[in-house]
Amino acid sequence: MSLAMPERRLEKLSPSAARHRPWSPERGHALLLLPPLLLLVAFFVIPLADVVLQSFAGPGHPLTQYERIFTQSSTLQVLLYTFQTAATVTLCTLVLSYPVAFVVSRAKGNLLHLSLALILIPFWTSTVIRTYAWIVILQRRGVLNEMMLDWGWIERPLKLMSNGVGMQIAMIHIMLPFMVIPLLNTMRGIDGNLLRAAAVLGANPLRQFLSVYLPLSLPGVSAGSILVFISSLGFYITPALLGGQKTMVAVLIEQQASRLLDWPMASALATVLLVVTCLLFLLYERAMRFAGGGKTVGEVS
Amino acid sequence: MTLHIDSVSKRFGQYQALDSVSINIPKGELVALLGPSGSGKTTLLRIIAGLETPDQGRVLFDGEDATDVAPRYRQIGFVFQHYALFPHLSVFENVAFGLRVMAREARPSEEQIRERVSEILKLVRLTNLGERFPAQLSGGQRQRVALARALVIRPRVLLLDEPFGALDVTVRTELRRWLRELQQELGLTTIFVTHDQEEASAICDRIAILNEGKLLQTGSPVDLFTMPATSFVAGFLGSANILARESLGAGAPVGISGAKVAFRPADGKLSTSAAAPAPGGHLRLSGTIQHREFLGSIVRYAIARTGGEVQIDAPFKAGEAFIAPGTEVAVDIPHDALISLNS
């Protein structure tokens with residue numbers, strides 16, 4: 001999309017032409033895109049380009065920072081840990097969300113509205129607030145430990161924070177709606193008659209699920225997974241507040257930028273994260289097109 | 001397979017979908033469940049398939065009670081209204097589905113599956129489309145895939161829910177004829193749901209007419225057309241003039257017994273010379289022409305008369321003038337064209 005296009009359109013729209021020809025999305029879309037485009041360029045594209053450029057600045061040859069990232073075991077470990085955490089969070093979120101989405105996709109009336117509200121209200125609550133809530137629950141003298149002590153399940157408070165466990169629990173909780181909503185979207189589009197057709201043809205419930213429902217829900221699974229995985233890769237607040245010795249890459253970037261004031265290093269890390277995210281997204285697009293087999297998946301008559 | 005439906009009732013909340021419906025369907029018959037929407041015909045089909053459980057009554061397959069048998073054990077072919085083809089599977093895999101999900105002992109080998117699917121694709125004339133996906137097919141082709149998928153498991157009975165509803169008229173008439181020929185070739189007991197009386201009359205051995213959850217009448221298309229028992233059936237299968245018996249006055253023939261009398265618009269003969277006496281063995285109604293519709297081979301006149309309007313179809317002959325509205329006319333109906341109705 002070039003910036004010149006809207007202006008050309010403007011010339012064509014002389015007052016008389018505008019009066020005679022009704023507005024249509026085909027002719028007006030470029031104009032509608034202009035304000036968000038300007039906003040994005042000014043406050044997103046330009047700063048991002050600056051970050052990428054900064055990563056090549058600093059002392060030494062342009063790739064010094066990248067060389068540091070991929071040779072120092074400390075940064076490599078952070079990257080590895082970030083990927084591991086994102087993968088764990090994605091998998092757990094998927095396992096927890098799939099049945100929920102299935103039930104909600106079948107719900108009608110009040111049950112549907114109630115369950116949608118239960119999914120969306122946490123979604124609208126700030127991540128910071130929810131992370132603090134998890135601190136209250138998980139800390140040494142927190143709600144969970146006190147409860148388990150009272151019931152005699154444990155003798156000493158468990159260490160649930162600052163060691164990755166609490167961070168992952170909180171991240172899973174925060175990510176749930178990002179998984180449930182794409183799943184729900186796909187599942188609601190699955191024609192219930194397909195399962196009935198499978199049943200009439202002799203398939204048992206497991207087979208109905210594996211051969212029909214699961215493949216048809218895969219677009220939702222991959223959309224939700226990619227969303228959660230990418231969001232988890234760059235997650236900052238929850239790892240910063242609940243994380244332990246091992247840090248996620250976003251926390252490392254923050255340390256480099258505001259404590260060590262190593263801007264080139266912070267920029268290089270951010271660029272690595274950006275590139276990985278873009279690659280994942282491209283891979284996902286490819287996979288979706290391949291799985292689509294000519295736009296057939298999910299299309300229900 | 002013979003099928004007995006024994007006083008089946010089904011209620012959805014306040015809504016009585018089926019009210020004590022009983023039908024016997026002998027082996028190899030093609031039966032239409034005909035009725036307006038909401039008459040319970042689809043519910044009955046789903047009960048036969050096991051997709052719905054009746055509140056009361058039984059479904060017997062070859063005399064065996066199948067009421068509580070799960071759909072997957074019934075070995076029936078079911079063609080859904082919008083076909084419900086698996087969008088993620090090729091035509092070949094859609095058809096093979098019923099074979100692949102069989103229990104291991106009964107499942108044919110890969111080679112046998114290939115053979116049976118090819119055979120059935122040939123039968124439905126889709127031999128070269130096995131690799132396509134449902135989205136790449138026309139409506140008529142999808143319909144035939146759905147049929148192939150239902151037939152490949154060698155069903156004991158074939159059930160079709162509005163099988164031609166989503167197709168355009170030319171494809172519909174072609175497919176229904178083909179379906180009839182196929183059904184007779186296979187000798188397969190077949191039940192299909194439709195709201196189109198023409199479709200039902202055209203290809204069925206028997207028609208069961210449902211309305212508001214009740215089975216009104218079953219019989220061959222000819223029987224139902226010539227001897228409808230109620231005004232609903234008379235009006236639903238073709239058009240009919242329905243008159244209260246008292247409104248006929250002194251001219252009512254002796255043979256008529258029911259509360260109402262019906263006759264088909266084509267059976268009345270119009271004449272403008274009302275002075276001449278009615279021919280023997282005819283009922284005469286008189287009135288004035290109210291309205292005229294030219295329908296190609298016939299002209300349909302609406303005739304206003306005391307005791308209710310009647311419609312008469314007159315054959316159209318080129319060069320002959322229409323009868324002008326307001327003209328006083330006489331309608332003569334032969335006594336044997338009059339049908340007694342109970343209600």
Side-chain angles (χ1 to χ4, degrees), chain A residues 98 102 105-112 182-183 185-225 284 286-301, chain B residues 42 45-46 48-52 69-91 93-104 106-107 131-137 139 142-143 145-146 148-155 157-159 161 166:
Chain A
Y98 200 92
F102 178 76
S105 74
R106 299 268 155 141
K108 285 189 186 99
N110 285 339
L111 183 63
L112 176 66
L183 280 176
N185 206 15
T186 306
M187 286 175 175
R188 285 186 73 83
I190 298 176
D191 181 3
N193 275 344
L194 294 176
L195 292 181
R196 289 184 201 108
V200 169
L201 287 166
N204 62 34
L206 181 68
R207 199 61 204 252
Q208 291 169 33
F209 175 75
L210 291 178
S211 300
V212 179
Y213 201 83
L214 185 64
L216 289 177
S217 66
L218 279 184
V221 170
S222 40
S225 298
Y284 161 78
R286 275 285 166 81
M288 288 307 290
R289 214 170 302 160
F290 179 72
K295 290 180 184 172
T296 50
V297 166
E299 186 176 316
V300 180
S301 59
Chain B
T42 296
L45 199 74
R46 290 164 62 98
I48 298 169
L51 296 171
E52 216 70 79
V69 177
R72 67 186 154 113
Y73 298 121
R74 292 194 184 200
Q75 208 188 340
I76 45 176
F78 198 109
V79 175
F80 288 84
Q81 190 172 2
H82 299 290
Y83 320 133
L85 297 178
F86 304 126
H88 60 300
L89 298 180
S90 66
V91 167
E93 286 304 323
N94 260 283
V95 177
F97 190 90
L99 301 175
R100 294 206 192 283
V101 300
M102 281 181 176
R104 194 161 295 155
R107 195 187 309 155
E131 301 309 311
R132 296 259 189 106
F133 283 85
Q136 300 166 312
L137 301 178
R142 284 182 210 183
Q143 216 263 359
V145 175
R149 187 177 68 175
L151 290 175
V152 81
I153 59 166
R154 295 177 183 152
V157 57
L158 182 62
L159 308 174
D161 188 2

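Model, not experiment: these values are computed from the prediction. Just so it is clear: chains get the letters A, B, ... in the order the sequence lines come, proteins before strands, and each one is counted from 1.
With a 4.5 angstrom heavy-atom cutoff, Phe86(B) touches chain A via backbone and side-chain atoms both. In this structure, the portion of Arg46(B) lying under 4.5 Å from any heavy atom of chain A is its side chain and not its backbone. Both the backbone and the side chain of Phe78(B) come within less than 4.5 Å of a heavy atom of chain A. Only the side chain of Leu51(B) comes within contact range of chain A, with at least one heavy atom under 4.5 Å from a heavy atom of that chain.
When the shell of 6.0 Å around CZ of Arg107(B) is examined, it contains more than 12 heavy atoms from other residues, nucleotides or ligands.
Checking side-chain atoms of Arg132(B) against main-chain N and O of Val91(B) turns up no donor-acceptor pair under 3.5 Å. Remark: the backbone N or O of Pro155(B) is not paired with any side-chain donor or acceptor of Arg74(B) at under 3.5 angstrom. Within the 3.5 Å criterion, the main-chain N or O of Ala203(A) finds a donor-acceptor partner in the side chain of Gln208(A). The main-chain N or O of Leu137(B) is found under 3.5 Å from a side-chain atom of Arg142(B) such that the two form a donor-acceptor pair.
Comparing Arg149(B), Gln81(B), Gln75(B) by heavy-atom pairs within less than 4.5 Å of chain A, the highest count is held by Arg149(B). If you tally non-hydrogen atom pairs under 4.5 Å between each of Pro71(B), Ala146(B), Ala150(B) and chain A, the highest count goes to Pro71(B).
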